[in-house]
Amino acid sequence: MKVLNVAEKPSVARSIANVLSRDHRTEETKSPFNKLFKLDYKLRDLDVEMWITSVSGHLKNLKYPTKYQNWEKWDPIIILKEAEIENNISTDKQNLEQNLKNFAAMCSRLILWLDCDREGENIAFEVLEVCRESNPSIQVYRAHFSAVTQVDVRRALDTLKQPDENLSNSVLARQEIDLRIGASFTRFQTLLLQKQFNLSSIISYGPCQIPTLGFVVGRQKEIDSFIKEQFWFLQSEDDNKCIYNWEREHLFDEFIVALLFERCYQDNAKVINVQQKDVQKWKPYPLCTIEFEKLASKKLKISAHKAMELAEKLYNKGYISYPRTETNKFPPTINLQNIIRDQQNHPIWGDYANKLINSAFEYPKAGNKDDKAHPPIHPVKMMIENEAQNKQEWDIYQLITRHFLACCSKNAKGSETTITLQINDEFFSKTGLVIKEKNFLEIYIYDEWSQIQVPNYQCGEIIKIKLTLQKGSTSPPKPMTEAELIGLMDKNGIGTDATIHEHINTIQEREYAIKKGQIIKPTKIGLALVESYEILGFTLHQPFLRAVMEQRMNEVAQGKMEKSQIVQTTINEMTIILKQLQEKQNLIIKTFGQYLEALKNYDQDNNDDNDDNQNNNQSKLHTNQEDQINQNQQKTIKNNKMLKDKKSDDLPSLCQFCNSQCLTFKQLTGNSIKICPKLCQIQDDISQNALNQSKKNKDNCFLCNICQNFMKIRYSKIKQTNFLGCSSYPKCNQTIFLPDSVKTIKTIDRQCNKCKSTMFSIQFSENSNQVNQNSFFCLYPGCQQTIRADWKQNCKDQNQSNRGQNSEKLPFQPHAQNGNFKNKDSFSNQQKFPQKKN
DNA sequence: GCAAGGTC
């Protein structure tokens, strides 16, 4: 009896033949790559002749009949919804079809060895259909294997199953949906925009390529709309030039950092903790395709597309294992020691391979991905440098081999020392590292682990330090690298391990994106396309459409839904979108055109390597300053919250002016101080000291709520009345007007019991409405303790009428444009006191 | 001239 075995690719067929018998015979077929191997085998007590051959991926390809070739003639809606689709054997696969027909006719059983994934299951059905055409009675079985090893192949033959039609149908659904959507949307977009804007390339749409572009555009927009924000932080440095980082990292409020700086400023710091612990740097996971592409891009500067091309060549020459694999754990059946032994005579890493064999070997970490079809990428034959066709091929082989040897090594080991310093109530730390054993790092030149020296201090020691207040600013997001894009696509399920690099290639071929070095940026066409979708409210560039598709495929694969249902539902949804696009085509042209116009210098700027995103005005189309400011405020609030959280003594402390949560600091004396994050009010020892100082000078009343200098009673010659003005005028114009009814005013040796400010004795004119014509008042802005409602109204009116009229005559008129102090506007707007300004 | 997924 003859049994026909069909694998997805030639290498698997050869491996199966090798595993089953060393004495197999090899025959040529109609396809030069796909050999036929013959061998005798005992299959479940039956003596059979095994015929083992292969296909090369899918046999069939979905396409529209030729009558739909003319794009202008057919409404894209017809293409999407109604046009029939053919699923025929591709012309380049007809020799394989012939092979299968010929072999099947001579065999009584068929064992399908296609990869154990959805696509493999679908190819299995393509194969069995062809075989049944020539031999309708052939008995069909499906082999399930997780690696082409002795154990797995024999186990598969002992546990043959039936092919799963649901899995195959899920692929058919995906194929039809992708083709219908891709063809119809591409035709619509191209016909609408290509001539109009004189574009050379077609404006394709694909459910993987456009979300890929979406990631690239998304990053560019983040960069373009970025607004730099300043922050401040403390830093301490000891005599050994060792810099200790502030535990709070940085804050966005200069005043608070300055305050903390002042409170901490001294020459000494106490070492409060010296912690030592053993640490490891983990060796890499076994290499799957995605990781391989990322590494090639990041470490070798070889694009994912090129890397796959090179890996395929190495695979075909027998140097490495199959490079398209999702698996990042080795199956227990694979003999890793043998793979290492193959490298023992290598001129570069032979010694290292020997060391692994003799003592240093450690079983690789197991990742959590397994496609059940291929092991992680590893070397299968030793290659020395001059055997490689070029440097890039050598680099790729080297990466794969070094990565494999690293996987079979031990983690690197080190010792980490963290020194924590305390200065007043602030903490600073520095972590040092001593490497004890390099282990995998000896062979894995792509990873670094640097030693960091720290001084040898004892806990409790007082050391000399230099404390500085530093300024920094936030930086824009980094441009998208190819490795990052691969990661995003993988995470969002866009494409497969075998196709991710192709989609990245496609968006470049379509001129949607351009790659310079490892950086990938959208072109103006790419930006205009995605922006148009966004403006018109479509989410075609978002990854979740693909995720929905994936979910639906799973439902078909699990038999919960019929293939036709999923196709119908998805196509109906996309028909609604396509109809809307058609209705809005004028708007699309307009929007697309506006973007192209606005971005006319964009590509050129990109080519000029203009990475200074702050200056790239051409691309700043959607900078929403208000949003950004809100974001910044959020950040400040977040930081302030952090500040508060760390030092809170759980006392409820809301600012009496703006109701914000106050920050509470503990002093060394054990007392607490509170500061409103918006600086409405400061109640701490500093202001208290200043108030005490102010008493010594009877003209000084309290600290200016904007600049913290003294407020003084002054006299306006023009208005011939008293007012309170900041002593640092003209630097600070803070002014508190008094009602006309005030006849005399003077400070008194008494503090407001609410805000602790110096109080005033005021005498009102006889004809005023004041009930009490000689009273004590607190005039501190916003303190509501003693200020009367009619006063507020009175002064407010006065300020309103003063504004803009005789400003030169009223130099003390408050205004918001001082510029020396932060948060002044928000501060002022919170004021309930009369001199509020807008 | 359209998609994405296999593969050489």
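The analysis underlying the following values was restricted to heavy atoms, covering all of them including side chains, and did not include hydrogens, waters or symmetry mates. This structure is a prediction, so every number in the text was calculated from the model and none was measured. So you know, we letter chains A, B, ... as the sequences are listed, proteins then strands, and number each from 1.
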| task | Answer yes or no: is there a donor N or O on one side and an acceptor on the other, between the side chain of A:D370 and the main chain of A:K329, under 3.5 Å? | result |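 Checking the backbone N and O of A:K329 against the side chain of A:D370, no donor-acceptor pair under 3.5 Å is found.
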| said: Restricting to salt bridge (charged side-chain N to carboxylate O under 4.0 Å, His left out), what partner residues turn up for A:E550, sequence neighbours left out? | reply: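 Testing A:E550 for salt bridge (charged side-chain N to carboxylate O under 4.0 Å, His left out), a comparison that skips the adjacent residues, returns A:R118.
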| task | Would you please name every residue forming a salt bridge (charged side-chain N to carboxylate O under 4.0 Å, His left out) with A:K60, sequence neighbours left out? | result |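 Here the qualifying residues are A:E129.
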Extract all donor-acceptor atom pairs below 3.5 Å that involve side chains of residues 579-592 of chain A and protein atoms in other chains or at least two apart in sequence.
residue, atom, partner, partner atom, Å
A:Q582, NE2, A:D75, OD1, 3.0
A:Q585, NE2, A:Q582, O, 3.1
A:T591, OG1, A:L587, O, 2.6

| request: Output all residues satisfying ring pair (Phe, Tyr, Trp, His ring centres under 6.0 Å) with A:H374, sequence neighbours left out; order by chain, then residue number. | output: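 Scan of A:H374 (ring pair (Phe, Tyr, Trp, His ring centres under 6.0 Å), adjacent residues dropped) gives A:Y322.
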| task | Quick one: list whatever passes ring pair (Phe, Tyr, Trp, His ring centres under 6.0 Å) with A:W74, sequence neighbours left out. | result |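 Once residues adjacent in sequence are excluded, the partners of A:W74 under the ring pair (Phe, Tyr, Trp, His ring centres under 6.0 Å) criterion are A:Y68.
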With a 4.0 Å cut-off on heavy atoms, is [X] in touch with a base, just the backbone sugar-phosphate, or nothing at all?
X: A:Y322; result: sugar-phosphate
X: A:R324; result: base
X: A:N316; result: sugar-phosphate
X: A:T186; result: sugar-phosphate
X: A:Q194; result: base
X: A:Q209; result: sugar-phosphate
X: A:Y315; result: sugar-phosphate
X: A:I177; result: nothing
X: A:Y205; result: sugar-phosphate
X: A:S31; result: nothing
X: A:Q175; result: base
X: A:P32; result: nothing
X: A:N61; result: base

Without placing hydrogens or testing angles, list every side-chain donor-acceptor pair under 3.5 Å for residues 206-219 of chain A, not counting sequence neighbours.
residue, atom, partner, partner atom, Å
A:Q209, OE1, A:S204, OG, 2.4
A:T212, OG1, A:C208, O, 2.6
A:R219, NH1, A:K478, O, 2.7
A:R219, NH1, A:E484, OE2, 3.2
A:R219, NH2, A:E484, OE2, 2.8

| field | Nearest-nucleotide 5' precedence on DNA chain B, A:G57 against A:Y68 | value |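 Its nearest nucleotide being more 5', the pick is A:Y68.
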| query | Quick one: on DNA chain B, does A:T190 or A:N34 contact a more 5' nucleotide (nearest heavy atom)? | reply |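 This one resolves to A:T190.
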| task | May I have all residue pairs that pass salt bridge (charged side-chain N to carboxylate O under 4.0 Å, His left out) and include part of residues 86-99 of chain A, sequence neighbours excluded? | result |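 Sorted pair list: A:E97-A:K101.
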| message | If you take any heavy atom closer than 4.0 Å to DNA chain B, which residues from residues 557-578 of chain A end up in contact? | response |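 By residue number: none to list.
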| DNA chain B-proximal residues of residues 117-126 of chain A, any heavy atom under 4.0 Å |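 Close to the strand are A:E119.
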| request: Classify the ring geometry between A:H305 and A:H501 as parallel (under 30°), tilted (30 to 60°) or perpendicular (over 60°). | output: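 Geometry flag for A:H501 against A:H305: tilted rings.
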| Ring geometry between A:H541 and A:Y533 (parallel below 30°, tilted from 30 to 60°, perpendicular above 60°) |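 Because their plane-to-plane angle is under 30°, the rings of A:Y533 and A:H541 count as parallel.
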| field | Residue pairs fulfilling ring pair (Phe, Tyr, Trp, His ring centres under 6.0 Å) with at least one residue in residues 75-98 of chain A, sequence neighbours excluded | value |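 Qualifying pairs: none.
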| request: With a 4.0 angstrom cut-off to heavy atoms of chain A, pull out the first and last contacting nucleotide of DNA chain B, in 5'-to-3' order. | output: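 Footprint of chain A along DNA chain B, 5' to 3': B:dG1 to B:dC8.
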Could you pull out every donor-acceptor pair under 3.5 Å between side chains of residues 178-186 of chain A and any protein atom, sequence neighbours left out?
residue, atom, partner, partner atom, Å
A:D178, OD1, A:R546, NH1, 2.8
A:D178, OD2, A:R174, NH1, 3.4
A:D178, OD2, A:R546, NH2, 3.2
A:R180, NE, A:E176, OE2, 2.9
A:R180, NH1, A:I79, O, 3.4
A:R180, NH1, A:L80, O, 3.4
A:R180, NH1, A:A83, O, 2.8
A:R180, NH2, A:A83, O, 2.8
A:R180, NH2, A:E176, OE2, 3.4
A:S184, OG, A:R180, O, 2.6
A:S184, OG, A:I181, O, 3.2
A:T186, OG1, A:G182, O, 2.5
A:T186, OG1, A:Y205, N, 2.8
A:T186, OG1, A:Y205, O, 3.2

